[in-house]
Each structure stands twice: as structure tokens, then as C-alpha cells.
Amino acid sequence: MENKDSSKGNFIRDIIDKDLLEGKNDGRVHTRFPPEPNGHLHIGHAKAILVNYSIAQDYNGKFNLRFDDTNPIKEDEEYVNAIINDIKWLGANWENRLFYASDYFDEMYDYAVQFIKIGKAFVDSQTAEEIRETRGTVTSPGVNSPFRDRSIEENLNLFEKMKNGEFADGTHVLRGKIDMQSSNMLMRDPLMYRIRHASHHRTGNKWCIYPMYDWAHGLEDSLEGITHSLCSLEFQAHRPLYDWFLIQLGVHKPQQIEFARLNLNYTVMSKRKLLQLVEEHLVNGWDDPRLPTLSGLRRRGFTPEAIQNFIYKVGVAKAHSIVDYALLEHSIREVLNKQTLRVMSVLNPLKVVITNYPVDQFEEIDAINNPEDPTAGTRKVPFSKELYIEREDFMEDPPKKFFRLAPGREVRFRYAYFITCNEVIKDKNGKVIELHCTYDPASKGGKSPDGRKVKATLHWISIAHAIDAEVRLYDRLITVPDTNNLEEGKTFMDFINPDALRILHNCKLEAHLAKAEPGYRCQFERLGYFCVDPDSTPQKPVFNRTVTLRDTWARMQKKS
RNA sequence: UGGGCCGUCGACAAGCGGUAAGUCACAUGGUUUUGGUCCAUGCAUUCAGGGGUUCGAAUCCUCUCGGCCCAACCA
């Protein structure tokens with residue numbers, strides 16, 4: 001992980017430093033990531049995972065993965081496998097500490113019985129509507145349930161019958177007995193158990209009552225010996241309740257600390273929106289490279305290291321924020337620039353004929369694999385009379401700052417020769433279909449023996465030696481920065497970028513790329529970083545563009 | 001509106017009473033056989049606003065303004 005430097009301050013580390021100084025928890029640090037297996041992980045989860053994990057690591061502590069599977073009707077095994085897979089890939093290591101809330105159902109039940117016995121919980125037989133109505137509002141107090149003063153014996157008896165399946169869903173709940181007047185809504189006799197005759201993906205039909213979040217979560221943390229329970233801001237109001245339950249029980253009480261979740265502009269992160277995109281087939285599944293899901297980013301070509309670096313750069317604080325997508329792009333370019341081999345690929349081919357080059361001649365040109373890494377060596381690239389260049393690299397009537405090929409202009413073909421454009425061939429419609437050029441044999445290797453300068457170096461590929469490929473170009477999913485702040489009557493669906501995916505066929509690649517395995521990453525010189533998609537085969541290679549290179553020329557064009 | 005939390009450069013974010021770090025973005029210049037990379041420089045006299053305490057305040061007190069969260073038998 002970039003920057004083992006744990007000196008980068010954040011308020012959570014300050015708290016932990018202080019705890020350690022005071023000798024709390026016998027000097028232990030133990031964190032956890034507790035996803036509910038009801039959806040797929042996205043870059044926002046990566047923050048939660050990585051702050052918990054990196055803190056455990058930096059303090060020589062432990063990190064647990066725990067599935068918070070307390071609601072069987074929303075959860076599924078499919079999600080647990082996907083989540084495990086994503087977290088492993090991300091690089092967080094829970095060693096042998098993979099747990100499930102459902103592992104603790106027996107203990108939670110026993111604690112609940114104990115809770116009833118100390119008079120802190122009661123069985124409420126009001127309907128859901130009655131409970132809602134008597135809870136009051138944020139500005140007005142609630143009123144006590146008529147069942148609040150049931151005897152301990154009656155509560156014990158009823159709760160056991162709840163467990164034994166003698167009641168229908170919704171007929172009874174177990175509630176903590178706190179204060180219906182509390183200014184904190186969560187303290188108004190919170191629900192601890194509800195009846196749910198539903199099969200659980202791990203416990204099957206053993207249970208028909210399931211614990212609610214507030215009762216379950218603190219106990220899970222406590223049972224696992226978690227010291228610092230790091231979660232997102234929306235749980236701040238839950239903390240008094242989290243503490244209250246554990247204090248009544250007299251068990252180990254971890255410290256809950258909340259931080260702001262990650263938001264990224266020009267995309268969507270909510271479970272609901274992601275699900276809608278997938279279900280309405282606006283994207284091709286959870287691993288669609290347009291999505292900010294971990295599986296999508298992986299398929300797009302992101303590396304775990306880039307995501308780790310990104311999360312590190314984002315930092316941890318309590319202020320709500322929306323991070324600029326450009327920071328994510330920078331993070332992936334930074335690692336790919338160092339690691340990735342360069343290759344010359346032409347996405348949008350324009351034929352070039354070198355008129356003074358012998359018809360059946362070809363030569364092997366030496367090309368550098370990675371200028372950032374001398375140990376990456378060189379390779380041979382075939383050069384011949386007929387080549388392709390990028391259509392965008394030629395303009396018949398170029399504007400002032402256009403340095404590339406134009407009639408009468410000389411440029412360098414990278415690693416090969418200086419080339420001059422002499423003639424432009426067009427079809428009946430006036431579309432340029434071919435360029436006739438000449439080369440300067442003295443400029444072999446792309447050098448100019450006479451000190452002649454050219455303003456551009458173009459990539460190219462020999463027609464006879466190139467392979468065809470499909471290339472998928474990606475752009476931002478959403479056209480506006482923040483879908484949580486839209487004008488009246490609009491939803492995020494109104495701002496989906498139709499050009500977020502552009503598929504190019506007949507792209508021309510260096511032949512050795514046919515053998516590249518899915519997941520292989522490289523740089524197409526001057527175009528960006530690309531990786532081989534799982535759809536790819538040696539007969540029909542498919543590449544995804546992870547991210548473009550920074551492009552000063554494109555920016556200049558956009559401005560004017 | 002009751003309660004809780006938050007407001008430091010365009011975006012993140014350090015800062016913890018001693019005179020505004022860093023990163024991204026942006027701009028300019030240099031290097032360059034990728035208009036990439038790299039290098040250099042610039043980019044908050046000011047910390048939501050007002051008042052107060054202090055020799056000294058982004059940091060402490062106070063009021064005001066703005067934003068977010070809480071009224072699922074979700075997590």
C-alpha cells in the first residue's frame with residue numbers, strides 16, 4: 001500500500017493514539033468491515049474497507065470481515081461470494097477471521113432473555129402502524145406502549161413463543177425499555193427482535209425471529225473483541241443506543257467512531273441507483289466497466305494499488321464531501337505509467353502509403369517497451385510501405401496549433417522515419433481515404449542526422465502485420481456532477497451519458513497482443529491505458545480503455 | 001422545528017493558541033522520439049459571518065447563517 005506512513009493524521013488515528021497512551025483495550029487495536037450481503041461493493045465501500053484495514057495494519061492490530069446477515073429476506077449467498085471476492089482483490093486481509101452475524105444468533109437470543117430478566121426489554125403486541133404512530137416525531141415525544149408494563153414472566157413467556165414460531169409475522173416485537181420521550185428517536189424503546197418466518201441463507205429455518213441492527217451490531221462487535229468500530233456518519237445517532245445496550249449487559253464495549261462516506265462526482269453510488277441501472281439493462285451487469293462497483297473498476301482495468309492510493313489521498317474526516325473523479329483517474333494513471341508496457345495501436349485507421357518505399361520490403365524497428373522502466377527492454381515492430389495512422393493525426397486544413405500531419409508537412413513516425421505528406425486521396429464524397437507520403441531513409445530510427453526538427457511524433461502500424469480488435473472506450477456514466485442535487489422533477493436517469501460506452505471495431509493492434517490474457521494491461525501510446533476484457537479471444541481480441549492519457553491538445557481544442 | 005454532526009483554496013484535506021501542509025485540478029515555463037512522463041514556478045494576507053477572550057485565534061467563548069443525519073418490524 002502506498003505510504004505506509006501512518007503519520008498522516010486523521011481524527012480516528014488521533015483517538016486511537018490517545019487510547020493506546022491511556023492503555024485502553026490492553027493496547028489492542030481490532031477493526032472490522034461489516035457488510036450486509038444484499039448488494040455489490042463499490043468504490044465507497046473500498047473506503048470503509050481500507051480505513052478499517054489500514055488502521056488495523058498500522059497499529060499491528062487485527063481486521064475482521066463480518067457479514068451482517070440479520071435480515072434474511074434481503075440477503076443472499078450470491079452476494080457474500082461476490083463481496084469476499086472483491087475484498088480479496090482489493091487487498092484487505094482478514095486472515096482466518098471471517099464471521100457472520102448469524103453465527104451469534106444463539107448468543108444474541110440468550111442476551112435478550114437476560115435483558116428481559118433485568119427488566120430492560122418487553123414484548124410489544126402493537127401493530128407496526130401503532131408503533132409508528134406512538135413513536136412521536138422529531139419535535140414531539142412518543143407515548144408508552146400499553147404493553148410496556150408486562151411482567152417479566154409474561155415477557156419471557158411471550159418471547160419464547162415468538163422464537164418457537166407460535167406467532168405470525170408482525171404480531172409481536174421485542175423492544176428495549178428506554179425512554180419514549182427521548183430527543184433521540186432511536187432511544188424511544190427501540191425494536192430488538194421482529195418475527196420473520198423466512199429462510200435464512202445460512203441458518204435455514206432454525207429461526208423465525210431475527211435481531212434488529214441496533215441490538216445485533218454492538219453485540220457482534222463486542223463478541224469479536226472489536227476495539228474501534230469505524231462506520232459512516234449516518235450511524236452517529238445510533239451510538240448512544242449502541243453504548244446503552246452493551247453497558248446494560250456489562251460486556252466489552254467497543255468504541256464506535258463515525259466518518260464521512262466517499263462520494264464521487266459524475267457517477268452514482270447508491271445501492272438503489274446501481275440496482276436500477278443493472279435491472280433496467282442500462283449497463284451490462286454489476287461488473288460493467290462504466291460502474292463504480294469494485295467488479296466494474298476491476299474489469300475496467302483499475303488495480304487494487306490504484307484504489308488504495310486513491311483512498312489514501314482522499315483522507316478520512318467528518319465533513320460531507322464529493323471527491324473529484326479526476327483524482328481517481330490520476331491514481332490509476334500514476335500506477336499504470338510506471339508498470340505498463342507501451343504498444344502502438346491505431347483505433348481509427350487512415351491508410352498511408354510510403355510512395356518511395358520498396359513494395360515488398362519490410363524492416364523490424366526497435367521500439368522501447370516502457371520509457372519509465374529501462375529493464376522492460378525493447379521489441380521489434382514491423383515497418384512497411386503501407387501503414388495505418390490515427391485519423392485524428394491528419395488534417396487537410398490544420399489550425400494554428402495543430403502539429404500533426406498535414407499536406408506538405410513532415411512529422412516523425414515513432415521509432416521509424418521522418419515522413420512527409422505529399423498527396424491526399426479522397427473518395428467521391430470528399431472523404432480522405434488515403435495519404436501518399438515519402439520517407440527520408442536517412443532518418444531511420446526517427447532521428448534527424450541534419451538536426452531537422454519536427455513538431456510531432458505519430459504512432460503507426462503496418463497494415464500487413466496488424467491484427468484487428470474491438471476496443472471499448474469509456475467515459476463518465478453521468479453527465480452532471482451530483483445526482484443528489486438535481487432540478488425539480490429530474491432523476492439521475494435523465495442524466496445518463498449515452499456516450500459512456502463507445503465500441504470501436506476494426507482497430508489495429510500489434511500482432512503479439514492477440515495472445516494477451518484477459519486482465520492484461522498496457523498503454524496504447526498517445527491514447528491511454530487499456531486492458532484485455534474477459535470477452536476477449538485470440539481470434540477476436542477485446543480491449544477496454546481504463547483511462548486516457550492526459551491530453552493537453554484535447555483540452556486546448558475543447559477550450560476553443 | 002427537538003436532538004446529533006459538519007462548514008479551511010475549484011475538489012479533497014492537514015492544522016489541536018505562536019502567525020495557513022500536502023494532493024488533485026488549473027496556469028506558465030523547461031526537458032522530451034508519447035501534445036504522456038518528469039522538473040520548475042504560480043495558485044487562501046485568510047479559515048461561513050459577527051462579536052468577545054488573548055501580546056497573539058482557523059484553533060477558546062458566544063451569537064448568527066448554511067449543509068447533513070434521525071420519526072423502516074432496513075443496515
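Remember, it's a predicted structure, so these values are computed and weren't measured experimentally. Sequence lines set the chain letters: A, B, ... in the order given, protein chains first and strands last, and positions in each chain run from 1.
With RNA chain B read from its 5' end, the first of the two nearest nucleotides for A/Leu328 and A/Glu525 is the one closest to A/Leu328. Each of A/Phe524 and A/Gln236 was matched to the nucleotide of RNA chain B holding its nearest heavy atom; the match closer to the 5' end belongs to A/Gln236.
Nucleotide B/A20 is shown with an anti base, its glycosidic torsion being more than 90° from 0.
Within 4.0 Å of A/Lys401, counting heavy atoms only, lies at least one base atom of the nucleic acid. Among the atoms of the strands shown, none is found under 4.0 Å from any heavy atom of A/Leu458.
Every ring-ring contact (aromatic ring centres under 6.0 Å, His included) that A/Phe159 has, sequence neighbours left out, goes to A/Tyr109, A/Tyr193. Partners of A/Asp169 according to the side chain to side chain donor-acceptor pair (under 3.5 Å) rule, which considers only residues two or more places apart in sequence or in another chain, do not exist here. Remark: A/Phe67 engages A/Tyr100 in a ring-ring contact (aromatic ring centres under 6.0 Å, His included) (not counting sequence neighbours). For A/Tyr79, the ring-ring contact (aromatic ring centres under 6.0 Å, His included) test picks out A/His40, with sequence neighbours left out. For A/Gln339, the side chain to side chain donor-acceptor pair (under 3.5 Å) partners two or more places apart in sequence, or in a different chain, are A/Glu305. In this structure, A/Thr420 has no side chain to side chain donor-acceptor pair (under 3.5 Å) partners at least two apart in sequence or on a different chain. Remark: A/His330 pairs with no residue by the ring-ring contact (aromatic ring centres under 6.0 Å, His included) rule, at least two apart or across chains. Not counting sequence neighbours, the partners of A/Arg333 by the side-chain contact (heavy atoms from CB on, under 4.5 Å) test are A/Glu329, A/Tyr529, A/Val547, A/Thr548, A/Arg550.
Going from the P atom of B/U28 to that of B/G36 covers 13 Å, rounded to whole Å. Across B/C16 and B/U54, the matching P atoms stand 22 Å from one another, rounded to whole Å. Remark: the separation of the P atoms in B/C60 and B/C47 is 15 Å, to the nearest Å. Atom P of B/C69 sits at a distance of 28 Å from the matching atom of B/G50, rounded to the whole Å. Nucleotides B/A58 and B/A21 place their C1' atoms 14 Å apart, quoted to the nearest Å. B/C9 and B/A20 have their C1' atoms separated by 10 Å, given to the nearest Å. Nucleotides B/U37 and B/C5, compared at atom P, are 44 Å apart to the nearest Å. For B/U46 and B/C38, the C1' atoms lie 33 Å apart once the distance is rounded to whole Å.
The pairing partner recorded for B/G2 is B/C70, the criterion being a Watson-Crick or G-U wobble arrangement whose two distances lie under 3.5 angstrom. Base pairing annotation: B/C65 forms a Watson-Crick or G-U wobble pair with B/G7, both donor-acceptor distances under 3.5 Å. The pairing partner recorded for B/U32 is none, the criterion being a Watson-Crick or G-U wobble arrangement whose two distances lie under 3.5 angstrom. Pair assignment for B/U41 gives B/A27, based on Watson-Crick or G-U wobble hydrogen-bonding distances that are each under 3.5 Å. In this entry B/G18 has B/C55 as its Watson-Crick or G-U wobble partner, both defining distances falling under 3.5 Å.
Here the C1' atom of nucleotide B/U34 and the CZ atom of A/Phe403 are 14 Å apart, to the nearest Å. Rounded to an integer number of Å, the gap from A/Glu390 CD to B/U34 P is 17 Å. Taking atom CD of A/Glu329 as the reference point, atom C1' of B/U23 lies 16 Å away to the nearest angstrom. Computed from coordinates, the A/Lys453 NZ to B/U31 C1' distance equals 12 Å when rounded to whole Å. Remark: P of B/U37 and CH2 of A/Trp553 are 18 Å apart, rounded to the nearest angstrom. As a whole-Å value, the separation of A/Phe310 CZ from B/A11 C1' is 11 Å. Rounded to whole Å, the distance from CG on A/Asp551 to C1' on B/G35 is 7 Å. Atom CZ of A/Arg13 and atom C1' of B/A14 are 14 Å apart (whole Å).
Remark: aromatic rings of A/Phe235 and A/His217 are distant, center separation not under 6.0 Å. Between A/Phe383 and A/Tyr417, the ring center distance clears the sub-6.0 Å criterion. Between A/Phe302 and A/Phe310, a ring centre-to-centre spacing not shorter than 6.0 Å is recorded. Taking the ring centroids of A/His200 and A/Phe105, they lie under the 6.0 Å cut-off.
The phosphate of B/A11 has neither OP1 nor OP2 within less than 4.0 Å of any side-chain N or O from A/Ser321. For the OP1/OP2 pair of B/C12 and a distance below 4.0 Å, the side-chain nitrogens and oxygens of A/Lys313 include no atom meeting the criterion. Between A/Arg239 and B/G4, a side-chain N or O to OP1/OP2 separation shorter than 4.0 Å is absent. In this structure, A/Arg342 does not reach the B/U37 phosphate: none of its side-chain N or O atoms is under 4.0 Å from OP1 or OP2. For the OP1/OP2 pair of B/G36 and a distance below 4.0 Å, the side-chain nitrogens and oxygens of A/Arg333 include no atom meeting the criterion. Regarding contacts with the backbone of B/C26, a side-chain N or O of A/Arg550 is found under 4.0 angstrom from either OP1 or OP2.
For the pair A/Asp189 (side chain) and A/Ile178 (backbone), a donor-acceptor distance under 3.5 Å is present. A donor-acceptor pair under 3.5 Å is formed between the side chain of A/Glu510 and the backbone N or O of A/Met344. A donor-acceptor contact shorter than 3.5 Å is absent between the side chain of A/Ser232 and the backbone of A/Glu234. Checking side-chain atoms of A/Arg412 against main-chain N and O of A/Gly446 turns up a donor-acceptor pair under 3.5 Å.
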field: Footprint string (nucleotides 65-75 of chain B, 5' to 3'): B base within contact, S backbone only, - free, heavy atoms under 4.0 Å
entry: ---SSBBSBBB
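With hydrogens and angles ignored, no donor-acceptor pair under 3.5 angstrom links the side chain of A/Gln557 to the base of B/G35.
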Every protein N/O lying under 3.5 Å from an N/O of nucleotides 16-18 of chain B:
from: B/C16; atom 1: N4; to: A/Asp14; atom 2: OD2; distance (Å): 3.1

Every protein N/O within reach of nucleotides 8-10 of chain B N/O, cut-off under 3.5 Å:
none

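When the options A/Glu390, A/Arg414, A/Glu525 are evaluated for a side chain to side chain donor-acceptor pair (under 3.5 Å) with A/His459, the one that passes is A/Glu390.
If you check residues 160-168 of chain A against RNA chain B, you find no residue with a heavy atom closer than 4.0 Å.
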